[in-house]
Amino acid sequence: SHSQHFRNFLTEMPRRAVKSQYSELSPNQTAYQLFGHLEKGDKVAIVTRFNNKLAQSYVDAFERRGIHARIIVQTRDVDDFCFLMKTQKELAGSAASTFLLWAGLLGNMTTVRAYTVHGANTLKWTHPELKDKFIFETYSYEAPVTAPVQAPTLAPIVPERIVEGTQENN
């Protein structure tokens, strides 16, 4: 299973989320770039605290690609964390999410893809197993569109992998 932690910072703190470390990928960036490697028929669980129009726009973007997506809303934060930690294949989301990073550290998923928007990702692991498991990516900002949009006609952009950073984590 593939899981996306959609923290939905824009709903929780709209002024801070647009131009800060709390920016998240737009629905199209998520479906066509972050998860661009998935194939028609694959499944993605979107874990979020807010099941609103913005969250639904992520499901819609995945569905346009033929990827089955569903929103997971738990009643307790700890349930969100446990769901993320039990991801089997790939966990993806904002590097600003401590749930994403800790679930990635404690879980047994194959890959954790942590991204930043608005600048370089400064995280890097030194432990060999963590270096193999975590991929830190940087994307440019694209405003989320909640109205139905056409699928992009261009090939997805492959983000730059961050190899060196300024902050070391073990």
Side-chain angles (χ1 to χ4, degrees), residues 1-118 121 134-152 156 159:
S1 68
H2 302 272
S3 295
Q4 176 205 3
H5 186 217
F6 175 50
R7 183 63 175 74
N8 211 335
F9 289 123
L10 194 58
T11 297
E12 185 175 354
M13 46 188 185
R15 288 193 308 242
R16 290 180 61 195
V18 175
K19 294 185 178 179
S20 71
Q21 74 269 21
Y22 300 108
S23 294
E24 294 180 275
L25 294 179
S26 72
N28 273 342
Q29 284 177 302
T30 300
Y32 290 89
Q33 293 177 22
L34 183 64
F35 285 100
H37 59 286
L38 296 186
E39 297 181 11
K40 195 177 235 179
D42 283 343
K43 297 177 183 178
V44 174
I46 302 169
V47 179
T48 183
R49 291 177 21 173
F50 305 98
N51 186 4
N52 57 11
K53 186 176 179 181
L54 181 57
Q56 186 58 47
S57 67
Y58 285 79
V59 172
D60 297 342
F62 280 115
E63 294 294 330
R64 283 192 297 277
R65 284 204 49 222
I67 295 170
H68 304 291
R70 63 189 173 118
I71 294 175
I72 307 294
V73 178
Q74 310 280 358
T75 55
R76 299 179 317 149
D77 293 343
V78 71
D79 295 328
D80 286 344
F81 179 77
C82 289
F83 187 94
L84 294 171
M85 197 172 72
K86 291 178 182 176
T87 298
Q88 296 169 2
K89 293 181 184 175
E90 177 182 41
L91 175 61
S94 170
S97 166
T98 53
F99 271 24
L100 177 96
L101 296 175
W102 276 105
L105 286 168
L106 299 174
N108 291 322
M109 67 284 304
T110 308
T111 306
V112 178
R113 298 180 66 205
Y115 68 81
T116 56
V117 179
H118 290 305
N121 193 327
F134 279 79
I135 300 170
F136 293 99
E137 301 170 319
T138 301
Y139 290 84
S140 58
Y141 179 75
E142 176 182 293
V145 177
T146 57
V149 295
Q150 292 293 328

Any sub-3.5 Å donor-acceptor pair from Y139's side-chain atoms to Q29's backbone N or O?
no

How long is the span from the OG1 atom in T116 to the CZ atom in F136, to the nearest 0.5 Å?
10.0 Å

d(L25 CG, T30 OG1) to nearest 0.5 Å is 4.5 Å

Can you find a pair of side-chain heavy atoms, one from L100 and one from L91, that are under 4.5 Å apart?
yes

Is a side-chain donor or acceptor of T48 paired with a backbone partner of F6 at a separation under 3.5 angstrom?
yes

Is there a side-chain contact between D77 and R49 in this structure, where contact means two heavy atoms from C-beta onward sitting under 4.5 Å apart?
yes

Nearest 0.5 angstrom please: T111 OG1 to H37 NE2, how far?
7.5 Å

Between the OH atom in Y115 and the CD atom in E24, the distance rounded to the nearest 0.5 Å is 4.5 Å

Donor-acceptor pair, side chain of R65 and main chain of F35, under 3.5 angstrom:
yes

Taken to the nearest 0.5 Å, the spacing of Q88 CD from N108 CG works out to 10.0 Å

Within the structure provided, determine whether D42 and F62 are in side-chain contact (heavy-atom separation under 4.5 Å).
no

Gap separating the CD1 atom of I135 from the CG atom of L34, nearest 0.5 angstrom
10.0 Å

Is there a side-chain contact between I71 and Y58, using heavy atoms and a 4.5 Å cut-off?
no

